[in-house]
Amino acid sequence: GRHNEVSRSRKAVYLAPNKALCEERQSDWSQRLADIDPSVITTTITGDRNSTACYAEIANAHLIVTTPEKWDSITRKWNDQFVLLATIKLVLVDEVHLIGEPGRGGCLESVIVRMKTIQRAARAKTFS
């Protein structure tokens, strides 16, 4: 790779409430980011794909676009994928007001708390 290629050791996750919005953001952002730097990889992870395939995509991407429900299933066993998930330094939440909604709000809240826990654990490992 090029020496000035964007590092994959710092990733961002964008959480959108539904697959349609994920696909819309993916399309828009992958084009915009490619204009800035063609080496930036954006991926959308939704649906019933198995976690192993998802982890490979996460490892290869800079920006991961997904739903709270899918991210919940991917990160539930976060200790098994700690090194990979610790590279996520930014979590963007679209429609964050849904956190108070019965049904889906609990999932969104648990995902946000889990990501904070992973980052706290990552910082503790860095300083120990």
Show, in sequence, the C-alpha distance, side-chain angles and deciding distance for Thr117 and Val113, and conclude whether the side-chain contact (heavy atoms from CB on, under 4.5 Å) test is met. CA-CA 6 Å; Thr117 301; Val113 170; 4.3 Å; yes
Any chance you could lay out the side-chain contact (heavy atoms from CB on, under 4.5 Å) test for Gln81 and Ser51, step after step, and finish with the verdict? CA-CA 10 Å; Gln81 293 293 328; Ser51 292; over 6 Å; no
side-chain contact (heavy atoms from CB on, under 4.5 Å) for Arg123 and Arg120? Distances and angles first, verdict last. CA-CA 5 Å; Arg123 278 197 302 278; Arg120 208 173 294 120; 4.3 Å; yes
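Taken from CG in Leu21 to OG1 in Thr46, the straight-line distance is 11.5 Å, to the nearest 0.5 Å. Here Asp72 contributes atom CG and Leu108 contributes atom CG; the two are 10.0 Å apart, rounded to the nearest 0.5 Å. Atom OH in Tyr14 sits 12.0 Å away from atom CG in Leu90 (nearest 0.5 Å). Atom SG of Cys107 and atom CD of Glu101 lie 12.0 Å apart (nearest 0.5 Å). Here the straight-line distance linking atom CD1 of Ile45 with atom OG1 of Thr66 works out to 6.0 Å at 0.5 Å rounding. Note that OG of Ser9 is 12.0 Å distant from CD1 of Ile88, once rounded to the nearest 0.5 Å.
With Ser27 contributing its side chain and Glu23 its backbone, the two residues share no donor-acceptor pair below 3.5 Å. Side-chain atoms of Lys11 come within 3.5 Å of backbone N or O of Ile58 as a donor-acceptor pair. Lys89 places a side-chain N or O within 3.5 Å of a backbone atom of Ala86 that can act as its donor or acceptor partner. Side-chain N or O atoms of Thr67 include one that pairs as donor or acceptor with a backbone N or O of Lys70 at under 3.5 Å.
Across every non-hydrogen atom of Arg114 and Trp71, the tightest pair is NH1-O, 4.5 Å. Contact detail for Ala59 and Leu84: the closest heavy-atom pair is CA-CD1, 3.6 Å. The shortest heavy-atom contact between Thr43 and Ala61 is CG2-CB, 3.6 Å. The nearest pair of heavy atoms linking His62 to Val40 is ND1-CA, 3.5 Å. In this structure, Val65 and Gln26 approach most closely via the heavy-atom pair CG2-OE1, 4.4 Å. Residues Thr75 and Met115 approach most closely at CG2-SD, 4.2 Å, considering heavy atoms.
Taking hydrophobic clusters as Ile, Leu, Val, Met, Phe, Trp and Tyr residues chained together by side-chain heavy-atom distances below 4.5 Å, Ile74 shares a cluster with Trp78.
No option in Ile112, Val13, Val111 other than Ile112 meets the side chain to side chain contact (heavy atoms under 4.5 Å, CB included) test with Val93.
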